[in-house]
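Take a look at the structure set out below.
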Amino acid sequence: MPAGRSTRPNTMDSSFDPHAIEQDLYRHWEQENYFAPSGNGEGYCVLIPPPNVTGTLHMGHAFNQTLMDTLIRYQRMKGKRTLWQTGTDHAGIATQMLVERQLNEQGIQRDALGREAFIEKVWEWREQSGGTINQQIRRMGSSLDWSRDRFTMDDAYAEAVLEVFERLYDEGLIYKGQRLVNWDPQLRTAISDLEVENHDEQGHLWHFHYPLLDDLTTKDGAAVLTVATTRPETMLGDTAVAVHPDDERYAHLVGGFVNLPLVDRRIPIIADEYVDMEFGTGCVKITPAHDFNDNEVGARHDLPLINIFTTDAAINDNAPAQYQGMSREEARKAVVADLDALDLLGEVKDHALMVPRGDRSGAIIEPFLTDQWFVEMTPLAKPAIEAVENGDIKFVPKQYENVYFSWMRDIQDWTISRQQWWGHQIPAYYDAQGNVYVAKSADAARAKYNLPADTALTQDTDVLETWFSSALWPFATLGWPDETVELDQFLPTDTLITGHDIIFFWVARMIMMTLHFTDRIPFHTVYVHGLVRDGEGNKMSKTKGNGLDPLDFIDGISLDELVTKRTSNLTQPQLAPKIEKATRKDFPDGIPSYGTDALRFTFCALATTGRDVKFDLNRIEGYRNFCNKLWNATKFVLMNTEDFVPDATAELSTVDRWMLSKTHQLIKDAEYALATYRFDIFASAVYEFAWHEYCDWYVELSKPLLWDDTISAAEKQGTRRTLLEVLETLLRVVHPVMPFITETLWHQVAPRLQVTHDTIMLQEYPQAGEFTEDNDAVAQIEWLKQIISGLRNIRGEANIKPNQSIPLLLQGGGDGDRNRSVATASMLQRLANVSEFSWLEDDAESPPHALALVGDLKVMVPLAGLIDATAERNRLDKELNKAQQDLQRIEKKLGNQNFVAKAPVEVVEKERDKATDLQSRIATLTDQMTKLAELAE
RNA sequence: GGGUGUUUAGCUCAGUUGGGAGAGCGACGGCCUUACAAGCCGUAGGUCGCAGGUUCGACCCCUGCAACACCCACCA
């Protein structure tokens, strides 16, 4: 064991300080290579969703990793040969934007730098800051195999990407074509459908009058046809006006022409079912080059496509001269004004519309006609759908399967080319004639296509979208296309844990690609968790300034530092004052340090199925306290087991057997919870057991056993052994979720049981079968707890000080009660501070007393000047009321013939028993009330 | 427009085949009881979103509605 980790038992601090242990422990684990797969067990692999190499750790990562690490540590302890595959993503657009912004701040423009130099800069940046997130991940305690760290731009990984591209191309599943795609005019690249976010925004609906040609008129006799649009500037590219084929208002005009104002172009009036007769005027302007619908209409009617935009969405040379060079916003104003001047502007209405924006840039996306590379998805989707349909892959919670199906069954071809520099450059080469050759290199292309060696080839300048390479994560990280041992051992991986936001981006594509290239599913289970939101339920974002850094919960942060952190480097600096105000309100004292274990435990406790998590500060504080509870319980156990002799004769008391039985149940509950991905149940089972069974009852009950001179040495040994065994077991049960504190405490506890090992993380996970169930012991201790609770209730309500001991009388009940009272006398006396206790014969007269009922057993505390008779009556009155209400409800039920006739016998029988018990209880309470009333007179 | 989820104590959330509504935090009262005041003991608090239905019996199953959240979608 390394120095510094063996704190002497009786020098343990009175409270737990996470900082004293966490980082040293992690370093030690990593140095010893404990995170790497080991042993000969069955392979068990979890893939990390690779974070952006440029990123920093956020709450989503912390949540996600807590769950993964809990599973991994659990399976590792269960003896599986576990691999948690780590790595980072090159995050094409995000990284390029970030580096570009930094260069801009230094006055360097990307274009001036040139492609190669720019990419050099990105690599430099990656060398310099790419390790940040991995260091932060270490702070979470994540047991990732760092020796297998992968980056999606590594040479080996790039090789896999090229291989996949080439194969898909050769299979005809990748093609290049001119299509209308989503174009981000700010980033000047195409993006995929998924990268477009549609937002409801307020806009206008403009009505334009297009003059009819050839003396046509509408049925109203007008010489113009009125169309409505939300995008006035696109009229410069109109090539038709469409009406519905069944629309009688315009039937006579179909085949005719209008003059496109401002442009002075003769365009046809066509009939197409796409038009909704009910909407607006029933006439639609058709701009095939700038609208997805119009494009389809245009294709059906063979309309020309007139592109009026440059790549940054300014008006190009295809538009009339006076608009050329204007931005789309300027052009919109000009077009409206010019039409107005010509008296061709009709109504302008407010209109809510969906505006497509790029998820990275926030810029309004243009449908734009360009040459791009696409993947044909339908053939890839088919087996991927089947894999989920037939249960090979399961989603948890299951409803996400429907989300998956609905998207997969209507999947569109995937735009994979990006007009960016940072990323995998597309392995397509062109000769002077523009012929395309796909191969991993120019040489390979010449060889593959039998081109003369001196054929000049130039590589396609586009790169692949990031998700194209992330889709290969399950097999590319394991060495594909080589047939490696790792592929054999770890693919399919077991559980993928991810947020619901990347099911389409990542999960679906991994399933398709992995099936296609390896004939194996990538994972058996997809556990989908919610997103982490702030205390108000808002999405955390840098822009809103409500983001929280997991490390701030671990280490703590002062208010001023937090404000500075949230308000610096804002994209919208004007929001700073508002953010500062909100921060000062929400965190008046900053954030205290809670430690990693508390943070992890909180995430587990909040990980309920199918909902987002609102991160609640009160919860983490409570779980920090839980850590402290474990710490102090350990301290207690160590203090009281110093003279424990492992081999000495030990005799187990009822309390010990009760505790061992409870431990049996705990392990069962914990196993069940983890097997069903109910991390919240796991957390609460552990919490409940540790605090409310072990600490509140067992430790307290053990004190009389340990400290009473009349208890035999063998019994004391039994209790000491149980204290140690249960605690040692508990630490192993909890370890997957709270690795640091359990490791630390375990090294104190385990040696007492003659167990020494360098780490808890490679110990066996406890098995329920190691602990005997004992129903008699459980019944007896539950009985004892009821009596103690009854007495505590009397004490509490009567305000009897804890240090004031009370006499106790017992009456009624049966032989079982008498036996139990004898067996538990010392514990009863100590826990309830009972000075003396005695039994009254059933018919004996009792002195005036306060009363608690445990079944038929009367638990009595003589008033004796300690308890006010009136107060005691009030207390009993509440109990009586409750009993009467319960009885009333049950009698009503039993009075219902239908219930008695139709409900299962055992249910009816149970109700009858309850009624009998309540009747007896009410009788006793009423009797007691009467006596107290007499006393008060 | 289609779909999903949520609605339970003041707050954050459990509630596993329908059979006596729970936890944590907070509140209130009492305790520095030799592991822990980051603690201990006790108490109060809910017509389980609304309206119907099925059933002997509904927080739970069915229908409808409402509010909130999210996803998908081409209505100019």
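Reminder, nothing fancy here: chain letters follow the sequence lines and each chain counts from 1.
For the pair A/E797 and A/A633, both in contact range of RNA chain B, the more 5′-proximal nearest nucleotide belongs to A/A633. Each of A/L606 and A/N898 lies near RNA chain B, and the nucleotide nearest A/L606 is the one positioned closer to the 5' end.
Remark: the separation of the C1' atoms in B/A51 and B/U47 is 14 Å, to the nearest Å. When the P atom is compared between B/C65 and B/U4, the two are found 13 Å apart, to the nearest whole Å. Taking atom C1' in both B/C60 and B/U8, the straight-line distance is 12 Å, to the nearest Å. When the C1' atom is used for both B/A37 and B/C31, the distance is 10 Å, rounded to whole Å. The same atom, C1', is picked in B/G53 and in B/G10; the two are 34 Å apart, to the nearest Å. Taking atom C1' in both B/G22 and B/C59, one finds a spacing of 12 Å when rounded to whole Å. On the P atoms, B/U12 is 29 Å away from B/G64, given to the nearest whole Å. Spacing between B/C56 and B/A27 at atom P, rounded to whole Å, works out to 48 Å.
Nucleotide B/C75 is matched to nothing when pairs are restricted to Watson-Crick or G-U wobble geometry with both distances under 3.5 angstrom. Partner assigned to B/U17 is none, using Watson-Crick or G-U wobble distances below 3.5 angstrom. Using Watson-Crick or G-U wobble geometry with both donor-acceptor distances under 3.5 Å, B/G26 finds no partner in any strand shown. Nucleotide B/U55 is matched to nothing when pairs are restricted to Watson-Crick or G-U wobble geometry with both distances under 3.5 angstrom. Pair assignment for B/C70: B/G3, on the basis of Watson-Crick or G-U wobble contacts that are both within less than 3.5 Å. The partner of B/C65 is B/G49, judged by Watson-Crick or G-U wobble contacts that both fall below 3.5 Å. Using the Watson-Crick or G-U wobble rule with both distances under 3.5 Å, B/G39 pairs with B/C31.
Nearest nucleotide to the A/K893 side chain, out of B/C72, B/G19, B/C40: B/G19. The side chain of A/F504 lies closest to B/C71 when the candidates are B/C13, B/G24, B/C71. Side-chain proximity of A/R624 to B/U6, B/A38, B/A44: nearest is B/A38. The side chain of A/Q399 approaches B/G5 more closely than any other nucleotide in the set B/G5, B/U33, B/G19. Of the listed nucleotides (B/C36, B/G30, B/A14), B/C36 has the atom at the smallest distance from the side chain of A/N632. You'll find that the side chain of A/E700 is closest to B/C36, out of B/A73, B/C36, B/A76. The side chain of A/T608 approaches B/C13 more closely than any other nucleotide in the set B/G29, B/A44, B/C13. Checking B/A76, B/G15, B/G19 against the side-chain heavy atoms of A/R678 singles out B/G15 as nearest. Listed candidates were B/A35, B/C75, B/G19. Nearest to the side chain of A/V699 is B/A35. Closest to the side chain of A/K878, out of B/G19, B/A76, B/A44, is B/A44.
As judged by a 4.0 angstrom heavy-atom cut-off over every strand, A/P904 is placed among the base-contacting residues. Across all strands, A/N628 comes closer than 4.0 Å to base atoms (heavy-atom distances). Residue A/K703 is classed as a base contact, given a heavy-atom separation below 4.0 Å to a base. Among the protein residues, A/G282 comes within range of the nucleic acid bases, having at least one heavy atom under 4.0 Å from a base atom. Counting non-hydrogen atoms under 4.0 angstrom, A/V275 reaches a base of the nucleic acid.
Atoms CZ (A/F601) and P (B/C25) sit 12 Å apart, rounded to a whole Å. The nearest whole Å value for the distance from the CD1 atom in A/I890 to the C1' atom in B/G57 is 14 Å. With rounding to whole Å, A/K285 atom NZ is found 8 Å from B/A76 atom C1'. Taking atom CD of residue A/E197 and atom P of nucleotide B/A73, one finds them 12 Å apart after rounding to whole Å. A/L894 has its CG atom 12 Å from the C1' atom of B/G19, to the nearest Å. For the pair A/N896 CG and B/U55 P, the computed distance is 14 Å after rounding to whole Å. Rounded to whole Å, atom P of B/A38 lies 15 Å from atom CG of A/D13. What separates NZ of A/K398 from C1' of B/G5 is a distance of 17 Å, to the nearest Å.
Of the N and O atoms on the side chains of A/D612 and A/H500, at least one donor lies less than 3.5 Å from an acceptor on the other residue. Of the N and O atoms on the side chains of A/Y623 and A/D597, not one donor lies less than 3.5 Å from an acceptor on the other residue. No hydrogens or angles considered: a donor-acceptor pair under 3.5 Å links the side chains of A/D272 and A/H301.
You won't find any donor-acceptor pair under 3.5 Å spanning the side chain of A/Q412 and the base of B/A73, going by distance alone. No hydrogens or angles were tested; on distance alone, a donor-acceptor pair under 3.5 Å links the side chain of A/R619 to the base of B/U12. Side-chain N/O atoms of A/K629 and base N/O atoms of B/C36 include a donor-acceptor pair closer than 3.5 Å.
Taking side-chain N and O atoms only, A/R889 has no distance below 4.0 Å to OP1 or OP2 of B/G57. A close approach under 4.0 Å does not occur between any side-chain nitrogen or oxygen of A/W707 and OP1 or OP2 of B/A35. For A/K635, no side-chain nitrogen or oxygen approaches OP1 or OP2 of B/A35 to under 4.0 Å. Phosphate proximity of B/G24 to A/H692: present, with a side-chain N or O under 4.0 Å from OP1 or OP2.
Checked against the 6.0 Å centroid threshold, A/Y400 and A/F395 do not count as a close aromatic pair. Taking the centre of each ring, A/F679 and A/F603 stay at or above the 6.0 Å mark. For an aromatic pair to be called close, the ring centres must be under 6.0 Å apart, and A/F63 with A/F615 fails this.
The aromatic rings of A/F689 and A/Y694 sit parallel to each other, their planes meeting at less than 30°, with 60° as the upper class boundary.
Cation-pi geometry between A/R792 and A/W697 is met: the NZ or CZ atom falls under 6.0 Å from the ring centre, inside 45° of the normal.
Of the listed residues (A/V396, A/I503, A/V507), just one forms a side-chain contact (heavy atoms from CB on, under 4.5 Å) with A/V528, and that residue is A/I503.
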